[in-house]
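Take a look at the structure set out below.
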Amino acid sequence: MKNTILVTGGAGFIGSNFVLDWINAGLGTVINLDKLTYAGNLENLEDIKGNPNHIFVHGDIGDRALLAKLLAEHKPRAIINFAAESHVDRSIHGPEDFIQTNVVGTFHLLEEVRAYWNALVAANPAEKENPQFRFLHVSTDEVYGTLGPTDPAFTETTPYAPNSPYSASKAASDHLVRAYHHTYGLPVLTTNCSNNYGPYHFPEKLIPLCLLNALAGKPLPIYGDGQQIRDWLFVKDHCSAIRRVLEAGKLGETYNVGGWNEKANLDVVQTLCSILDELKPKADGSSYKEQLTFVKDRPGHDRRYAIDATKLERELGWKPAETFDTGIRKTVEWYLQNQGWVNNVTSGEYRNWVNKQYSGSAA
Ligand code: NAD
Ligand code: TYD
């Protein structure tokens, strides 16, 4: 097998960070398969434009013929599946795309990967006993459901209890991946990560939305009482965890990935405002915190997520490089320095979403 990997969803937030890091570290060729939904953006990959080690393919993970062709042609040693519909609020407004990509799409992808792996085994029987190929499925902590204030953090053995159409569709895909290992022996790995933030984050999610709204003088919408808790991980740390699991993870296992940074949403946005007050003070001397606005809560809103990443630390020696304070500062700086990206990303479709989600929603 050549030193080529296939990444799906590599024009999205986490996928593009992963591809950029992989190519910039000279780790080999990346075939980047992405449908370019509203969340996919080729401008995320501008830094590696023209790099012969990056081959972008516009297409759907559910397109079996395309997958078969790509696998036969490029013979990747690994596939990292980032492609998904990923926004909880969108899944509440319209779950169908989530089922189509996250469940049906992952199924089609798995079927083609199974056929590809069977061909690898036929050509080299040692591949069955000691597989070199890897299918790494990128999932979320949201599959575990919600925690009470004093519950222990999610471990890899916490039962699945997804609460939103998004998390239910991700849970379904995780189960399919697990079954393909158990039934067919497919060499799979699954990672369940907490909330990411960092460069190239599409501004429909809490942190980039509030950052850009703050700068534009708009309200910073806080759902409900703002006391919902998430564990936050800087996106580059998620990427390093995925590389580590790919390199040393035990086949068929799942690994929780988290930053040990549990924060209430209100605290996250207030921290963001304090950094902006320092780096880009408002002309009238007021704080961005004055733009905080409590709005109607999300239906079925999970109260608390917390990840126990001990297994990944203990077994594979991974640790996040950033704390929340260092990561959030880097993120704010990145957005301030990349106004061109920001202006282009806030396109017509994005504005339609913001109008639909936030019009008349003040609490
Ligand atoms: P994103 O929405 O920013 O990007 C998703 C990418 O997948 C986009 O480029 C989109 O065009 C592409 N895509 C969507 N449907 C496709 C299809 N049918 N075929 C091919 N490409 C398709 O998402 P993200 O935040 O980068 O998340 C990436 C993965 O990580 C997802 O699987 C998500 O569930 C998981 N995850 C995200 C977070 C987070 O905080 N963002 C945390 C844990 C896990
Ligand atoms: P989000 O970024 O959508 O990620 P997820 O729902 O996958 O955790 O939301 C993070 C948290 O912020 C979540 O508790 C919902 C909340 N939130 C707001 O309070 N206001 C907003 O405008 C958004 C988008 C999210």
Side-chain angles (χ1 to χ4, degrees), residues 7-19 32-42 44-45 57-63 66-67 80-92 97-98 100-102 104-106 108-109 137-143 146 163-164 166-167 169-170 173-174 191-198 200-210 213 219-233 235 238-239 242 256-258 263-266 268-269 292-298 301-305 307 353-354 357-358 361:
V7 168
T8 72
F13 165 47
I14 307 172
S16 62
N17 275 285
F18 182 86
V19 170
N32 185 351
L33 173 65
D34 197 295
K35 189 178 173 181
L36 296 180
T37 67
Y38 78 93
N41 182 359
L42 286 176
N44 298 2
L45 300 160
V57 180
H58 184 200
D60 194 312
I61 56 165
D63 182 342
L66 174 63
L67 285 170
I80 298 99
N81 184 32
F82 291 96
E85 290 292 336
S86 72
H87 187 194
V88 174
D89 293 316
R90 283 186 192 253
S91 85
I92 294 168
D97 287 348
F98 289 73
Q100 206 50 49
T101 283
N102 302 1
V104 181
T106 304
H108 286 307
L109 177 61
H137 180 61
V138 180
S139 192
T140 164
D141 61 356
E142 304 195 23
V143 295
T146 188
N163 286 322
S164 71
Y166 163 65
S167 55
S169 68
K170 289 298 289 187
S173 67
D174 293 9
T191 53
N192 293 89
C193 188
S194 58
N195 284 57
N196 284 215
Y197 65 97
Y200 304 110
H201 205 180
F202 191 72
E204 65 183 357
K205 306 275 173 85
L206 179 71
I207 289 180
L209 179 89
C210 288
N213 278 12
L220 312 181
I222 306 293
Y223 295 167
D225 63 2
Q227 293 308 312
Q228 303 84 3
I229 290 172
R230 299 291 182 264
D231 171 274
W232 293 95
L233 183 69
V235 62
H238 187 187
C239 295
I242 291 171
N256 280 356
V257 187
K263 304 260 175 228
N265 293 337
L266 189 58
V268 167
V269 179
L292 281 164
T293 309
F294 290 92
V295 301
K296 190 169 78 199
D297 206 353
R298 169 188 284 174
H301 198 169
D302 283 338
R303 196 68 186 165
R304 174 176 167 238
Y305 302 143
I307 272 278
W353 163 254
V354 171
Q357 171 71 0
Y358 297 99
S361 76

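Numbering of residues begins at 1 and proceeds along the displayed sequence. As the structure lists them, so they are numbered: ligands from 1, and atoms in each ligand from 1. Below, all heavy atoms of this structure are taken into account, side chains as well, without hydrogens, waters or symmetry copies. Quantities reported herein were computed from a predicted structural model and do not represent experimental measurements.
- Taking 4.0 Å as the cut-off, Gly62 does not count as a neighbour of ligand 1 on heavy-atom distance.
- The atoms of ligand 1 that sit less than 4.0 Å from any heavy atom of Ser139 are 43 (C), 44 (C).
- For the pair Phe202 and ligand 1, no heavy-atom separation below 4.0 Å is found.
- With a heavy-atom cut-off of 4.0 Å, Asn195 touches ligand 2 through its side chain alone.
- Those atoms of ligand 2 with a heavy atom of Glu204 less than 4.0 angstrom away are 24 (C).
- Nearest protein heavy-atom neighbour of atom 7 (O) of ligand 2: Glu142 OE2, 2.5 Å.
- Tyr358 OH, 2.6 Å is the protein heavy atom nearest to atom 22 (O) of ligand 2.
- Residue Ser86 places at least one N or O, backbone or side chain, under 3.5 Å from an N or O of ligand 1.
- In this structure, the protein non-hydrogen atom closest to atom 31 (C) of ligand 1 is Phe82 O, 3.2 Å.
- With 3.5 Å as the limit, one finds no donor-acceptor pair spanning the side chains of Glu85 and Tyr166.
- At a heavy-atom cutoff of 4.0 Å, ligand 1 is contacted by no atom of Asn41, backbone or side chain.
- By the 4.0 Å heavy-atom criterion, Tyr38 is excluded from the residues contacting ligand 1.
- Looking only at distances, no side-chain donor or acceptor of Asp231 sits under 3.5 Å from a matching main-chain atom of Gly258.
- Interface atoms of ligand 1 facing Thr37, defined by a heavy-atom separation under 4.0 Å, are 10 (C), 11 (O), 14 (C), 15 (N).
- The closest approach between any non-hydrogen atom of Thr8 and ligand 1 is not below 4.0 Å.
- At the shortest separation from atom 6 (O) of ligand 2 among protein heavy atoms lies Arg298 NH1, 2.6 Å.
- The shortest side-chain heavy-atom distance between Arg298 and Asp89 falls under the 4.5 Å cut-off.
- At least one heavy atom of Gly59 sits closer than 4.0 Å to an atom of ligand 1.
- Using a 4.0 Å cut-off between charged nitrogen and carboxylate oxygen, Asp141 and Lys170 do not count as a salt-bridge pair.
- Contact annotation: for Ser16 versus ligand 1, there are no heavy atoms closer than 4.0 Å.
- In terms of N/O distances under 3.5 Å, ligand 1 is approached by Asp60.
- Taking atom 11 (O) of ligand 1 as the reference point, the nearest protein heavy-atom neighbour is Asp34 OD1, 2.6 Å.
- Remark: among candidates Phe98, Phe18, Tyr166, the nearest residue to atom 33 (C) of ligand 1 is Tyr166, based on non-hydrogen atoms.
- Ranking protein heavy atoms by distance to atom 20 (N) of ligand 2, first place goes to Pro221 O, 2.8 Å.
- Atoms of ligand 2 found under 4.0 Å from any heavy atom of Leu209 (numbered from 1 in listed order, with element): 22 (O).
- Remark: ligand 1 atoms within the under-4.0 Å shell around heavy atoms of Ala83 are 7 (O), 20 (C), 21 (N), 22 (C).
- Note that OG of Ser91 is 4.5 Å distant from CZ of Phe98, once rounded to the nearest 0.5 Å.
- Ranking protein heavy atoms by distance to atom 26 (O) of ligand 1, first place goes to Ile14 N, 2.7 Å.
- Closest to atom 19 (O) of ligand 2, if we only count protein heavy atoms, is Tyr223 N, 2.9 Å.
- The protein heavy-atom contact nearest to atom 4 (O) of ligand 1 is Gly12 CA, 3.4 Å.
- Close contacts of ligand 1 with Asn195, meaning ligand atoms under 4.0 Å from a residue heavy atom, involve 40 (O).
- Contacts of His301 with ligand 2, taken as heavy-atom pairs under 4.0 Å, involve the side chain alone.
- Protein heavy atom in closest approach to atom 5 (C) of ligand 1: Ala84 O, 3.4 Å.
- Residue His87 places a heavy atom under 4.0 Å from ligand 2.
- To the nearest 0.5 Å, the span separating CG on Asn17 from CG on Asn44 amounts to 8.0 Å.
- Counting heavy atoms under 4.0 Å from ligand 2, residue Leu206 touches it through both backbone and side chain.
- For Arg230 and Tyr197, the positive end is not near the middle of the six-membered ring at less than 6.0 Å and at most 45° from its axis.
- For ligand 2, the polar-atom distance check against Asn265 finds a nitrogen or oxygen pair separated by under 3.5 Å.
- Summary of contacts: the protein heavy atom closest to atom 16 (C) of ligand 1 is Lys35 CB, 3.7 Å.
- Nearest to atom 19 (N) of ligand 1 by heavy atom, out of Asp97, Ile61, Val257, Val57, is Ile61.
- A side-chain donor from one of Asp174 and Asn192 sits under 3.5 Å from a side-chain acceptor of the other.
- Under 4.0 angstrom from ligand 2, there are no non-hydrogen atoms of Thr140.
- Shown here is Gln227, whose CD atom has more than 12 heavy atoms of other residues, nucleotides or ligands within 6.0 Å.
- Of all protein heavy atoms, the one closest to atom 25 (O) of ligand 1 is Phe13 CD2, 3.7 Å.
- Scanning the protein heavy atoms around atom 32 (O) of ligand 1, the nearest turns out to be Lys170 NZ, 2.6 Å.
- At a 4.0 Å heavy-atom cut-off, ligand 1 does not touch Gln100 at all.
- The shortest N or O to N or O distance between Thr140 and ligand 1 is not under 3.5 Å.
- Polar contact with ligand 1: present for Asn196 (N/O pair, distance under 3.5 Å).
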